[in-house]
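Chain identifiers are assigned alphabetically (A, B, ...) following the order of the sequence lines, protein sequences preceding nucleic acid strands; residue numbering begins at 1 within each chain. Because the structure is predicted, anything quoted here is derived from the model rather than measured. Hydrogens, waters and symmetry mates play no part in the numbers below; they use all other heavy atoms, side chains included.
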There are 2 protein chains.
Amino acid sequence: MPAGKVDRSAEPPGGVFATVPQSPPGCPAAPVVFPAHPASSPPPSRTVAKRAPARARDVRRCISVSAWVGKVSKTCSGVSLPAVGMSRVIRYRVVTRLSRWKRVPWNNVSNMATLKDVAQRTGLGLGTVSRALSGHPNVRPETRRKVQEAARELGYSSNGLARALRRNRSYSVGLILPDLENEFYTTAASVVQRLLRDEGYRLLVSCNNNSSEVDAELLRSLMESRVDGIVHAPCTPEGADLVRAADPRVPVVEYARRSSARGVDSVIGDDERGAAEVVRHLVDLGHRRIAMVAGPPELSTTADRVRGFHDACARFGLPKRGCPVLHGPSYDARWGEAATRQILDRHPGVTAIFISGSRGALGALKAVRDRHVSVPRDLSLVGFLGPELLDVANPPLTRYVLPLEEMSTMTARLLLDRIQHPREQAAAEPNVMRFEGKLMVRESTAPPREHELPRSGGS
Amino acid sequence: MPAGKVDRSAEPPGGVFATVPQSPPGCPAAPVVFPAHPASSPPPSRTVAKRAPARARDVRRCISVSAWVGKVSKTCSGVSLPAVGMSRVIRYRVVTRLSRWKRVPWNNVSNMATLKDVAQRTGLGLGTVSRALSGHPNVRPETRRKVQEAARELGYSSNGLARALRRNRSYSVGLILPDLENEFYTTAASVVQRLLRDEGYRLLVSCNNNSSEVDAELLRSLMESRVDGIVHAPCTPEGADLVRAADPRVPVVEYARRSSARGVDSVIGDDERGAAEVVRHLVDLGHRRIAMVAGPPELSTTADRVRGFHDACARFGLPKRGCPVLHGPSYDARWGEAATRQILDRHPGVTAIFISGSRGALGALKAVRDRHVSVPRDLSLVGFLGPELLDVANPPLTRYVLPLEEMSTMTARLLLDRIQHPREQAAAEPNVMRFEGKLMVRESTAPPREHELPRSGGS
DNA sequence: CTGAAAGCGCTAACAA
DNA sequence: TTGTTAGCGCTTTCAG
C-alpha cells in the first residue's frame, strides 16, 4: 500500500456525521432516527440545553455526533468531520508500518525524572538508588526512606523499557485471539489478564481474525516486544512454530485450539466428545436426521467436532446422507444464519440442527424466526459453547458448554509456571489439557416433528 | 499479603479436578455431570479411545480434566492437580509484585541475534545495518538486500525494547476498561486494537473492575511501560490526572465515561438524552410509574442517565415517588436481577422498568421469569446499551443503543492524532465527543397493565 | 552498606 | 553511502 495516500474508499455515501454546535442553549437536535417516533414528535431539546452548565469544571469543548444512517449505524472509516464544530479534521492515514522510516527529531529526550535525578537529589550513587527502589535487601532502611521520598517528590517513575532491556525480562505477555468480541475468548482475555496482573505482568492483546498472515505478523511483533510468554489461539497447523524458531525459550500456551507446533502446552475443550454428546442427546429424543453447522475445516476445533459428530452418527446408525455437515468460513452469526437457511432449503428432511460455533446459534435463531419455523416444535436446535445469554433466548438454547473460567485459569497458570521456572520447565514435556464440557439441556430440543415443515415463506 | 504462603482459601470442598490417564484405549469417562442423562447411560468411551492415535504428530502428553462440580463449574483457584497424570503440581503463588526483589542471575543474556551479529556477518557497520533494516532512504539497494538476507539467515528480530528506549517511543498504547467481558467494552477493545495495529502500535489491555486503586496502579504500570498514549474508561472523578502529572505529553482519550482530568479528550454516549428518550417512549405508551435501575452513582454515565431520567419524569409530570431510582454497586446481571426483584416487591405500582446498564437487562429478564411476570403484558422492560443478542431474547428487548463501532473508531482516531502530531495537538484544546444513540423499539414494551401483578410466587 | 563503571541493543549525529 | 561513536535508563558486578 502506498503510504501517504488518503484512503476514502470506505467512506459511506453521503457524510455520515452531522455535527451540532454545542453551545449551551437551544441547539435543535441533530437528525437522529427514531423508528417508533418519526420526526413529527418534538425533540427533547430543552433537556439537552439544560445539561451543559451542569458540570462547571468541565471546560472542554463539547461536540455532539450523530453516526446513524437510516436504521443501522455505519462504521465511520475514512470519514472526516466537517469543520463546523471542530477546528481540525480527523485524519485518516494508510498503514504506516513500524519499519517504515520516519524522521524522529533528537528532541525526544523524555522530561520524566530518571534514577540519575533521584541520585543527584539525594546525593547518593546510582546503584544505591536503584537498589533502594527495587527492594534489594542490602540497603540501610533510612537510606531507602530517603530515596523513596526523593523519588516521590520528583514524580519518578521507573522506565520499564530500560529495566526490561537490562534484565532481559519484559514482564509482559502476549495474547493472540481470533476474535475479541466473542465471549468464548473474552473470558480468556479477562481471566488471563487478571491472573497475570496479579503476578506483575502486563498483557499485550491482539486479534488475528483467523488470518494466518496476521497471526504470523502478530507473533513477530510480540517477539519484537520481547514478551516473556505467549498465549496463542492458533489458526494454522504451524501455530507458533515461528516463535520456537526465533527463541525457543519463550513459552507458549495454546488456548482453545491445537496446532502441531512443538514444545507448546495446549489447553483445549473436549470438542469431540461434546459433539458426540449432542448427537446422543438428539438421538435419545428420536432424531435420525441431524445437520451440523461447522466452521473452517483447518481449525483443530472444527476437525474434532466434526469427527465426534461423524463417529457418533455412525455409532447410532444414522443415515449418512441424512446428516449433512456444512463447513463455513467462520463461526460467526452470519454464517450460522446462512447455513441454517441452506439446511431448511436443501435438506427438508432434517429435524435437528447442531450449530457447532459460539455465535452461530444467534444467527440460527434469527433464520428460523424469519422462516416462521417454530423451535423446538418444528425443529430442534443445539448450540455449542454458547454464552449464558442464550438462557434468556427465545427459546432458551440447549447447548454444550465448556468451563471457560477454569480453562483460562489453567492457561495462565501453565504459562506463569513456564515463565517463572524456566529451568524445570525446559525439561518438562509439554501437556495437552483437555477439559470436559457439559450438555445443558434447555427448551430448544424436543422429539422430532411428525408434520411437514412450513414451506419457506420468509425472504 | 505475605509472600510465599500458599493460598488455598479458594479451594472448593472436595477436589475439583479429576484426572484421567490419557493412554490410548479404554479410559472410563471422568465424572461429568449430565443433567439430562444421569450416570445410567453408557459413557461414549469408545469415541474417546479412538481419538488418541488420530494425530500422529502430536506426541504431547494428554490430560483430561473435569472441572465440573454439581451443576456449576467452579473456579479452580488454588487447586492442585493430583499427581496421577501430571508429574508436577500447578503451583499457586501469592502476588509477587514487580517491585519485590528477586535474584536474577546474570546468565540472562538473550541468545537472539542482534544488530551486531548481522553487522559482523555482512562485514558492514552497525549504523548501516540499522539504517538498512529500518527503511532509512540513504542505503544502497544492494547493501540493503544483503543485510536483509543476513538478517533472515540469522533469524534476526529487532529488539523493540532497545529501540523504544533509544527513540523514546514505544509504539505501544494502553487500554484500561472496567470489564473485559462486557460487549460494550470488548467492542472498543476490538476496534481500537485493530486500528492501532494498522498503524504499527501494540495494545496493552487491562481491566480496573471499577476499582480506583486498581485503576491507579494500572495507569502507573502503563506509564512505566512508557506507552505512547492511553485509552481510559475512568472510574473516578480524578480519572487520569495521575498521568498528566507524571508526563503531560502522554495523550489520553476517555472512552464511555468522563472524568474531570484536564487535557484529555472524551468520547462518550449521550446518556442523558438516552434516558430521556426511554422515558418519553414509556410515557407515550401510557406509563406513569416507571422505575429506573441505575449503577454506581460515582460514574459519570450513571449521573447522566439519572439526570436524564429525572428531568424527563419532571417534564412529563410523573409522580416523583412513583418513579424510584435504584442505585447499585455495578451494572452487572446480578444487580439487574436483584434490583428487579426489589422493585417487584417494594414498588408494586410500577408498570415499567428502565434498566440502565448493559448486562442488567439479562438479570431483569431472569427475575421476571422467576416471578412469572409476563413481559410486556404485566410489565414493560427497557434496556440500555444492550448487545444485539437481546434481539433474540424472550421477548426481544426494547433498548437504547449507542453506535459503539463509531465511538471506538473515533477514540482510536483521536488518540492516533494526538500521538502522531504532538505539536499541533499540544495546543489544540481537548474535545468531548458526545455520540447520539437510538431507541430500538422491540417487543418488551407495551401499554401499562390494567390488572394486578401476580403476587410474588417465585423463590 | 555504598559508589563507580560496564554494558543491555539500538539509533542518530557526525565524520569520512 | 558508510563507519564510528555516544548514550537512552537501568541493573549488577566489583571495589571500597
Whole angstroms only, please: what is the [atom1]-[atom2] distance between [X] and [N]?
X	N	atom1	atom2	result
A:Leu115	D:dC8	CG	C1'	13 Å
A:Leu165	C:dC10	CG	C1'	8 Å
B:Asn138	C:dA13	CG	P	12 Å
B:Asn168	D:dA6	CG	P	21 Å
B:Lys116	C:dG9	NZ	P	8 Å
B:His136	C:dA13	NE2	P	9 Å
A:Arg167	D:dT13	CZ	P	12 Å
A:Leu133	D:dG9	CG	P	16 Å

Minimum heavy-atom distance between B:Leu219 and B:Ile176, given as atom pair plus value: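 Residues B:Leu219 and B:Ile176, closest heavy atoms: CD2-CD1, 3.6 Å.
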Touch class at under 4.0 angstrom, heavy-atom based, for A:Gly160 against every strand present: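 Result for A:Gly160 = nothing.
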Sugar-phosphate only, base, or nothing, as touched by B:Ser130 at under 4.0 Å among non-hydrogen atoms: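 Contact class for B:Ser130: base.
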Within the structure provided, determine whether [X] and [Y] are in side-chain contact (heavy-atom separation under 4.5 Å).
X	Y	result
A:Val253	A:Ile230	no
B:Pro251	B:Leu415	yes
B:Arg226	B:Ser172	no
A:Arg220	B:Ser157	no
A:Asp265	A:Arg418	yes
B:Arg202	B:Tyr171	yes

Which nucleotide in the list [options] gets nearest to the side chain of [X]?
X	options	value
A:Leu126	D:dC10, C:dC10, C:dT2	D:dC10
B:Ala162	D:dT1, C:dA12, C:dC10	C:dC10
A:Leu124	D:dC10, D:dT1, C:dT2	C:dT2

Donor-acceptor pair under 3.5 Å, A:Arg131 side chain vs C:dG3 base: yes
Stretch residues 140-159 of chain A: residues that reach within less than 4.0 Å of DNA chain D through a heavy atom: A:Tyr156, A:Ser158, A:Asn159
